[in-house]
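Hydrogens, waters and symmetry mates are skipped; everything else that's a heavy atom, side chains included, is used. Ligands are counted one by one from 1 in listed order, and the atoms in each one are counted from 1 as well.
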Amino acid sequence: MPDTPTTTPDLVELLKDAPTNWGKWGPDDEVGALNYLGAEQVLAAVRLVRAGKVFTLQRLIGDPKGDPVWPGRTPAERTQILDESDWDEGGKGVAYPGGLHYADDKINAFLQGSTQYDALGHLWYDGKLWNGFDARTTIGGLEKASVEPIAQRGVVGRAVLLDMARFRGKDTLDKGETFTHEDLMACAQAQGTPIEKRDILIIRTNFLQLFFEQGEAFYEGFNEPGLVYSPELVQWFQDMEIPNLVTDTIANEVTTDPNNGIALVLHNALMRNLGVTLTEITDLEQLAADCAEDGQYAFLYVAAPLKVAKGSGSPVNPVVVK
Ligand code: UVW
């Protein structure tokens, strides 16, 4: 992590006048701004399917080239439990009638260690989660605002790709590089597809290419590029009723805000306070190349994280259809 100023304010102070959606969908709501995605949004998104092109946005779990993860997390470990060798002489394979053999394996994984949805209760400040739930409800597993209600509901709507790397004429955005909601609108304008109310935003930085090029050096002075907090940006998300922010970075926003030294401000201002769902570590390369070719930057987006009881997040393989 980069050094932070000694005068770093805390989130309570920084966000004291920031908007919240607590209570907007009732005191028990656990899916927040996903409530903006109703039948009207689903049907409008389906009408964007024209060519039958399908893209999956998940990164490979167990990539031989490595799995990028937030510092302190470790990539998933897959262990082979059964394979053909278990039916060799003296092996542990059971002799099923008919000669059945099979392969079994398991993974030991951080639920946020690959392409994932964050539960709304994944992160908080001042002792309160999304919708005002008490942070003590996280002890031993999320009793409130876990990933399960998001998984039960699913996420379907119109999404817009905002190719910030291409817009800035770069292969990848740089460490700590920031952009604002105004940059997103300018990017959308340049792509010929303005952002509409209730759009799912998918932002491409291609920053994780540097993980594959640099190996461990990638984590030195870890500071991902991304959106940077301002009261105006938070208000814009609120006014635009953005349900879901999807990025190809590990944590969706500039890691350390250059203006105040605080880590992951937008996780709090957008997810904890407004209920915007966050989706991270997506692979947008094939989709972005296709959008550059056919000029269609808005499309149907479908995703459902896994139904993990009390989970603070879950792996996901989002699907885009054009
Ligand atoms: C943290 O919240 C620390 O990370 P992420 O949102 O990437 O899971």
Find out if a path of hydrophobic residues (ILVMFWY) with successive side-chain heavy-atom gaps under 4.5 Å connects Y219 to L173.
yes
Starting from atom 5 (P) of ligand 1, what is the nearest protein heavy atom, named by residue and atom, and what distance separates them?
E280 OE1, 3.2 Å
Atoms in ligand 1 flagged as close to L123, the criterion being non-hydrogen separation under 4.0 Å
2 (O)
Nearest to atom 6 (O) of ligand 1, what protein heavy atom do you find, and at what distance?
H267 NE2, 2.6 Å
Give the numbers and elements of all ligand 1 atoms closer than 4.0 Å to a heavy atom of Q116.
8 (O)
Looking at ligand 1, is there an atom of it that comes within less than 4.0 Å of some heavy atom belonging to R73?
yes
With only distance considered, is A251 within less than 3.5 Å of ligand 1 through an N or O on each side?
no
Give a yes-or-no answer on whether the side chains of Q112 and D118 include a donor-acceptor pair shorter than 3.5 Å.
yes
Would R272 pass as a cation-pi partner of Y125, given that its NZ or CZ must be under 6.0 Å from the six-membered ring centre and within 45 degrees of the axis?
yes
Side chain or backbone of D118 under 4.0 Å from ligand 1, or both, or neither, by non-hydrogen atoms?
side chain
Do the side-chain N and O atoms of T282 and D248 include a donor-acceptor pair separated by under 3.5 angstrom?
no
Does any N or O atom in H122 lie less than 3.5 angstrom from one in ligand 1, N or O only?
yes
Ring-plane angle category for W25 and W130, please: parallel below 30°, perpendicular beyond 60°, tilted otherwise.
tilted
Between D163 and Y297, does any side-chain donor sit less than 3.5 Å from a side-chain acceptor?
no
Check ligand 1 against I250 and write out every atom of the ligand that is under 4.0 Å from a heavy-atom position of the residue.
7 (O)
Of all the atoms in ligand 1, which lie at a distance below 4.0 Å from a heavy atom belonging to Q112?
8 (O)
Taking the inter-plane angle between the rings of H181 and W236 on a 0 to 90° scale, is it parallel (under 30°), tilted (30 to 60°) or perpendicular (over 60°)?
tilted
